[in-house]
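Ligands are counted one by one from 1 in listed order, and the atoms in each one are counted from 1 as well. These numbers come from the heavy atoms of this one structure, side chains and all, not from hydrogens, waters or symmetry mates. Values in this document were obtained by computation on a predicted structure and should not be read as measured data.
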Amino acid sequence: MASSGSFWMPEQGSTIAADVDTLFDFIYYLNVIFFVLITAATIYFVVKYKRKSDDQLASSNVGHNTALEAAWTFVPLVLVIICFVWGFRVFLDQSVAPANALEVQVKAEKWKWNFQYSNGSQTLNELFAPAGRPVKLVMSSKDVLHSFFVPNFRIKSDVVPNRYTSVWFEAKEPGDYQIYCTEYCGTGHSSMLATVKVLPAEEFDKAMLKGEWPGQSGEGRDPVEWGKELYVSKTCNACHSVDGSRLVGPSFKGLFGKDEKMTDGATVKVDENYIRESIMDPNAKIVEGYAPAMPSFAGQLSDGQTDALIAYIKSLK
Ligand code: CUA
C-alpha cells in the first residue's frame, strides 16, 4: 500500500491509515460513478422526451416496470450493505487496541493536552510514542468536550468529561505528526494543538527508562528563544497576548516588574517567584478583573521550560 496519501488525504502515518483510505476511496468513487450516471441520464431524458409542440399532452402511457424497480432497489441495497459491513470492520479495527498496546493517559483541558506514561512522567502538548508498536490512548477531559484528531493516523475521538474514551495507533515511521482539537471548546480552541513525536523504538525505551523525554531540558538553547517557542507550543498564547491586548488572562507585555492588584486587595510585584507560582498554582493569586480560569501546569513543564518561559516574559518590555 502506498503511504503517500492522496488528493483528499494526508500522508499515511499509521498502520490503519491505508484501510481507512481504501474504504474512503471506494465510497468516494462509487458516488462519483453514480453521480455521473444519474446526471447523464437526466440530461439525456430531458432532451429526448422534451415536449415537441404546445398541444402535445403530458405522457399518458407511463407504465410499471417491475424489473427496473427491483433493480434500482436491490443494487443500492447491496452497495449500502457492503459500505456498512466494510465500514464496521474498519471501525472495529480502529477501536479495539491490540492487547499488547502501550497505554498512555490523555487529559484534555482548556486549552492543552497532557500525556501521562506508565513510568509516571508527563508531557504537555507532546505525545511521545514508539515507531512500529501499538499505542492505546485512554482519554478524558477535565472540563468541556474536546476531540482528539491526528489526520496522518486517521484517528479521531471525542474526549469527554466524566468518562473515558480510547483510540489506538501504530505509527509506521519516526517523525512529528500534528494533533488537533476538533470540538469547539472556547476562545482557545484553535490554539489547542499538539504533536505526536514518534521516536525509534530503542530511543523510546531509553527515554521511558530514564523518565526523560527529548527536548525537555533545553540544553544549549537561548532561554528567551526557547521560551518564545514554548509560549506557542504549550498554548500560553490561547489566553495571554504579548502585544498588550486583553485575552482571557493578562498580557505578558511589560508584565515583569509590574505591580499587580489582586482580587483580595493585595498588591503583588511580578517577579520570578510570582510567575512560577502562577504557572504551577494559578489560583493562589488572581489579578483583579480576571476570572480564575487558568489550569495548573504543575508536573507538566520541566524546570528548564519554566525558566525559559520566565526569561521570555522578562524580555517582553
Ligand atoms: Cu479543545 Cu477545541
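Proximity of Ser157 to Val159: side-chain heavy atoms (C-beta onward) are nowhere separated by under 4.5 Å.
Considering every non-hydrogen atom in both Ser278 and Met294, the closest pair reads O-CE, 3.3 Å. Between Asn125 and Ser233, the closest heavy-atom pair is ND2-O, 2.8 Å.
Each protein N, O or S atom less than 2.8 Å from atom 2 (Cu) of ligand 1 was counted, giving 4.
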Show which side-chain atoms of residues 266-274 pair as donor or acceptor with protein atoms under 3.5 Å away, not counting sequence neighbours.
from   : atom 1 : to     : atom 2 : distance (Å)
Lys269 : NZ     : Gly257 : O      : 3.1
Asp271 : OD1    : Asn273 : N      : 3.2
Asp271 : OD1    : Tyr274 : N      : 2.9
Glu272 : OE2    : Lys314 : NZ     : 2.7

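Taking the ring axis of Tyr312 as reference, the NZ or CZ atom of Lys228 does not stay both within 45° of it and closer than 6.0 Å to the ring centre.
Of the residues listed (Asp21, Asp93, Asp19), the one engaging Arg154 in a salt bridge (charged side-chain N to carboxylate O under 4.0 Å, His left out) is Asp21, and it is the only one.
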